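The structure appears below as structure tokens.
In listed order, ligands and their atoms are each counted from 1. Along the sequence shown, residues are numbered consecutively beginning with 1. All figures in this text were calculated on a predicted structure; none of them were measured in a lab.
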Amino acid sequence: MLRTAASNAMRLGASRATRALSTKNADLLPPLKVAVTGAAGQIGYALVMRIASGEMLGKDQLIDLNLIETEAGMSPLRGVMMELEDGAFPLLSSVTATSDLNKGFGDINYAMLVGASPRGPGMERSDLMAANAKIFAEQGKALNTSAAVNAKVLVVGNPANTNALVASENAPDMWEEQFIAMTRLDQSRAQALLAEKAGADVKDVDRVIIWGNHSASQYPDLSHARIGGKWAKSIVKDDKWIKDEFIPRVQKRGAEVISARGASSAASAASAALDTVRDLHLGSGDAWQSNAVVSDGGYGIHKGLWYSVPTICKGDSHFRRVQRLPIDDFSAKMMTATEKELIEERDAVRHLLPGHESKPVSWNVLESLQTSFEEGDMKAVDEIAKELPAQFKKGVKTAKAAA
Ligand code: NAX
């Protein structure tokens with residue numbers, strides 16, 4: 001199905017409109033469709049139970065759950081299905097198990113792409129990247145064909161940032177902003193570590209930022225963090241701890257869990273995935289949430305990479321980037337290092353990036369255009385319009401003439 005510019009308008013308001021309409025007619029909202037890939041894996045197993053319980057989309061939201069696995073994963077998936085049945089979750093309208101991507105992604109509102117190829121014996125990092133890029137290219141194509149027009153896609157499977165780039169590039173009719181790679185677990189880890197150091201409650205810690213890649217090159221940044229509304233650095237007063245302990249520990253927390261548990265993070269990863277989609281769908285006020293999203297060139301980061309930045313989620317299923325934060329020299333160096341790794345990853349999978357010049361203009365760009373217009377900042381309007389296709393330039397000209 002080819003989606004045209006006209007469908008952009010539908011993308012903006014669809015979920016809100018559905019919600020308003022249905023709340024009027026019934027206590028429970030009509031089902032939203034959620035797809036989870038790798039549903040029989042350890043993260044998937046923890047995740048689907050909590051989605052079914054209503055923790056992700058709200059206690060008034062019915063859910064159709066589509067569980068996607070490989071052929072080999074079908075047998076354990078049957079067990080997961082039985083457990084979902086045995087949970088007798090009142091919000092669960094239907095559960096479908098499939099290895100057919102178009103069926104699994106058919107009309108979905110949210111896709112959580114957890115399944116990925118694990119590192120096999122003797123596999124180099126580049127082999128793993130290539131194997132996964134192939135999986136996410138296929139999934140991007142299927143999402144493009146089958147998902148609902150305003151679907152949002154959370155990529156959890158590693159290398160998450162580059163997998164999101166590959167999936168988006170293979171979904172020519174979807175906005176780049178419909179794809180997010182998960183760095184929420186890194187943010188939660190950083191918040192918990194800071195709370196422990198300060199002897200504070202984790203709920204009082206905010207504005208911790210994860211910049212860049214979900215890998216050991218990520219930059220967990222406390223420059224803007226607060227504890228109980230006060231600048232965290234003025235409470236902790238220990239730059240050495242931040243540089244020598246906090247940053248490396250967050251970067252390598254995954255390995256620390258593996259060495260203690262003998263398996264990689266699963267329950268906390270499922271929790272972070274759930275938090276990410278819950279905030280997109282229901283909102284988290286003005287809180288900053290780190291998400292790896294397509295770079296719009298902000299903070300000097302190469303456009304088109306999936307790079308983690310602070311975002312705000314108002315609950316309309318979109319995110320807004322927190323813009324123009326002051327960046328000190330140390331942070332700039334750390335941000336560039338993780339950007340470099342993402343460029344290398346992108347270059348390693350170039351053959352799977354078709355490059356779609358006709359991708360729809362992103363919702364965030366249209367929102368910036370609208371805001372600048374409303375604020376009467378015509379210089380900004382002209383700057384944004386410069387990069388837009390002809391029909392938008394024409395629209396701006398008409399709107400300016402009528403203003
Ligand atoms: P598991 O190996 O337990 O489960 C993966 C599941 O995915 C398996 O059941 C497998 O059959 C399935 N699968 C593989 N290829 C598939 C495909 N093409 N379509 C559908 N299903 C497929 O791994 P798990 O511990 O659940 O981790 C899943 C992914 O999350 C891994 O790539 C892991 O590295 C990544 N992580 C990402 C995190 C993040 O913060 N972004 C943190 C946790 C985790 O490490």
* Asked: Would you say the side chains of Glu341 and Ser215 form a donor-acceptor pair under 3.5 Å?
  -> yes
* Asked: With sequence neighbours left out, what residues match Trp241 under ring pair (Phe, Tyr, Trp, His ring centres under 6.0 Å)?
  -> Phe246
* Can you pull the residues with any heavy atom under 4.0 Å from ligand 1? -> Gly38, Ala40, Gly41, Gln42, Ile43, Ile68, Glu69, Thr70, Val114, Gly115, Ala116, Ile135, Gln139, Val156, Gly157, Asn158, Met182, Leu185, His214, Ser264, Ser265, Ala269
* Could you tell me whether Lys314 and Asp316 make a salt bridge, using a distance below 4.0 angstrom between a side-chain N and a carboxylate O? => no
Could you give the side-chain donor-acceptor pairs of residues 266-275 under 3.5 Å, partners two or more places apart or in another chain?
residue : atom : partner : partner atom : Å
Ser271  : OG   : Arg50   : NH1          : 2.9
Asp275  : OD1  : Arg278  : NH1          : 3.1

Contacts under 3.5 angstrom, residues 75-84 side chains, donor-acceptor by atom type, not counting sequence neighbours:
residue : atom : partner : partner atom : Å
Glu83   : OE1  : Tyr45   : OH           : 3.1
Glu83   : OE2  : Tyr45   : OH           : 2.9

* To do: Return yes if a side-chain donor-acceptor contact under 3.5 Å exists between Lys103 and Thr98, otherwise no.
  => no
